[in-house]
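Scroll down for the structure; my scribbles are underneath it.
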Amino acid sequence: MRVISIGPDPSLAYRPNLEKNENKDKEDYRNFEHSQWTSCNHAQVGMMDAIMSLDQLVDESDPDVDFPNSFHAFQTAEGIRQAHPDKEWFHLVGLIHDVGKTMALWDEPQWAVVGDTFPVGCKHQNSIVFRDNTFLENPDDKNPCYNTQYGIYEPNCGLDKVLMSWGHDEYLYRVLKFNNCLIPEEGMYMIRFHSFYPWHSHRDYMHLCNDKDLSMMPWVQDFNKFDLYTKTSDLPDVDKLKPYYQSLIDKYCPGTLKW
């Protein structure tokens, strides 16, 4: 088994590994062209297999767990299932919400996969994790096109028009859209924005939100409770739970998916 790890410092999840890229030009760090991911041509894998592949991954940005992410997937799903027994799509969202982290298994560095997300192209808010010590050399902070409240955006333009920092949230959202999966809009918001803590936990960037975003925020906040507070050392019986969740996968995102 190959466990992907980037060392003991969780902040490394938010920036390039400078030790391995000593000769890399600073301009190269600004190249966040991820069409290589959104074209979904890396692999063809069923959703359950993708979930179980997370056994190879330990997310170093998460201080709350020291076990593979597949267990967290089932913990989150079961917490939601207990609280919302009538919302099967919500159970599935809990199960799959972190599957975008599979990018790290395909050699994408963890700083571009895990951790909190935030809008780019406008002023970085202080609620962004490590904002005060890891953005010091970020040229966007000094660029008048990007360092104002609205930056490149219009007031209340809607989060669907906002370019977010890349991570597993956006990747899984794109995979589900690419494969025409049937998860309701509320679930898609949970998947796409569950790491956008400056928004759903600190209420920053509200000036970019439209009415749809505001109506969806309570769903993301509700999901966040289960994402955060179901992480315990009491690990679920995955083999026992698999048949139920496979039935949900077959209903909402069936077959072999393109990643």
Side-chain angles (χ1 to χ4, degrees), residues 4 10 13-15 32-40 42 47 50-51 53-54 57 59-62 64-65 69-70 72-73 76-77 80 89-90 92-106 108-122 124-125 127-130 158-179 181 183-202 204-205 208-209 212-213 216-228 230-231 252-253 257 259:
I4 308 298
Y14 304 93
R15 59 175 180 264
F32 290 102
E33 178 55 62
H34 284 279
S35 61
Q36 59 174 314
W37 293 110
T38 57
S39 58
C40 296
H42 278 76
M47 183 60 78
I51 293 166
S53 75
L54 295 181
L57 173 67
D59 180 350
E60 295 289 348
S61 75
D62 191 340
D64 297 322
V65 296
N69 275 267
S70 65
H72 169 56
T76 305
I80 294 169
W89 61 266
F90 199 174
L92 180 62
V93 167
L95 184 72
I96 70 174
H97 72 281
D98 275 345
V99 179
K101 293 179 181 179
T102 55
M103 285 189 293
L105 303 179
W106 295 323
E108 186 76 353
Q110 280 208 23
W111 65 266
V113 176
V114 300
D116 297 2
T117 58
F118 53 89
V120 297
C122 63
H124 299 122
Q125 301 296 313
S127 58
I128 300 173
V129 68
F130 300 132
L159 294 180
D160 61 331
K161 292 184 172 63
V162 172
L163 182 63
M164 300 292 294
S165 60
W166 183 255
H168 67 279
D169 304 50
E170 185 71 19
Y171 177 53
L172 180 58
Y173 171 79
R174 298 292 190 95
V175 168
L176 296 174
K177 294 285 283 187
F178 188 91
N179 287 278
C181 296
I183 294 172
E185 188 70 13
E186 294 88 348
M188 296 295 275
Y189 258 73
M190 296 172 188
I191 288 166
R192 193 177 197 182
F193 297 116
H194 70 269
S195 298
F196 187 10
Y197 283 89
W199 176 58
H200 63 67
S201 295
H202 298 280
D204 277 337
Y205 299 102
L208 301 179
C209 294
K212 180 181 178 181
D213 301 325
M216 290 292 171
M217 177 185 274
W219 286 99
V220 180
Q221 291 170 325
D222 192 26
F223 168 80
N224 184 246
K225 294 183 298 184
F226 300 100
D227 187 19
L228 289 179
T230 56
K231 301 171 182 176
Y252 291 96
C253 41
L257 306 179
W259 298 80

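Residues: numbered from 1 along the sequence shown.
- Taking CD1 from I96 and SG from C181, the interatomic distance works out to 7.0 Å, rounded to the nearest 0.5 Å.
- W106 and Y171 make their closest contact through CZ3-OH, 3.4 Å (heavy atoms, listed as atom of the first residue, atom of the second, distance).
- For the ring pair (Phe, Tyr, Trp, His ring centres under 6.0 Å) test, residues two or more places apart in sequence or in another chain that qualify with H97 are H72, H194, F223.
- The side chain to side chain donor-acceptor pair (under 3.5 Å) search around S201 returns none, not counting sequence neighbours.
- Under the side chain to side chain donor-acceptor pair (under 3.5 Å) criterion, Y252 pairs with E88, sequence neighbours left out.
- Annotation: salt bridge (charged side-chain N to carboxylate O under 4.0 Å, His left out) contacts of K212 (sequence neighbours excluded): E185.
- What you find for M47 and C253 is that their closest heavy atoms are CE-SG, 4.0 Å.
- A 4.5 Å side-chain heavy-atom check between M103 and W166 finds at least one atom pair inside the cut-off.
- When all heavy atoms are compared, the tightest approach of P198 to S127 is CB-OG, 3.2 Å.
- Between the side chains of D169 and T117, no donor N or O sits under 3.5 Å from an acceptor N or O.
- With contacts defined as side-chain heavy-atom distances shorter than 4.5 Å, the pair Y205/Q125 qualifies.
- Distance check, rounded to the nearest 0.5 Å: CD of Q221 to CG of D227 gives 13.5 Å.
- K177 places a side-chain heavy atom less than 4.5 Å from the side chain of M188.
- Side-chain contact between Y197 and N224 is present, with at least one heavy-atom pair separated by less than 4.5 Å.
- Put simply, NZ on K161 and CG on L208 are 12.0 Å apart, with the number rounded to the nearest 0.5 Å.
- Judged as a side chain to side chain donor-acceptor pair (under 3.5 Å), and not counting sequence neighbours, T38 has no contacts.
- The side chain to side chain contact (heavy atoms under 4.5 Å, CB included) search around S53 returns Q56, T102, L105, not counting sequence neighbours.
- Residues that satisfy the ring pair (Phe, Tyr, Trp, His ring centres under 6.0 Å) test with Y173, not counting sequence neighbours, are absent from this structure.
- Heavy atoms only, all atoms of each residue included: S165 and D116 are closest at OG-O, 4.4 Å.
- Under the 3.5 Å distance criterion, the side-chain polar atoms of D213 are matched with a main-chain donor or acceptor of L159.
- Looking at heavy atoms from C-beta onward, V93 lies out of side-chain contact with I80 at the 4.5 angstrom threshold.
- The CZ atom of F90 lies 12.0 Å from the CD1 atom of I183; values are rounded to the nearest 0.5 Å.
- The side-chain heavy atoms of V175 and V99, taken from C-beta on, include no pair separated by under 4.5 Å.
- Considering only heavy atoms from C-beta on, W37 comes within 4.5 Å of E108 through its side chain.
- The ring pair (Phe, Tyr, Trp, His ring centres under 6.0 Å) search around W259 returns none, not counting sequence neighbours.
- In plain terms, the two heavy atoms of Q110 and A104 that are nearest each other are CG-CB, 4.2 Å.
- Remark: F193 engages Y189, W199 in a ring pair (Phe, Tyr, Trp, His ring centres under 6.0 Å) (not counting sequence neighbours).
- By the 4.5 Å heavy-atom criterion applied to side chains, D98 and T76 are not counted as neighbours.
- Among residues at least two apart or in separate chains, salt bridge (charged side-chain N to carboxylate O under 4.0 Å, His left out) pairs with a member in residues 192-201 are E170-R192.
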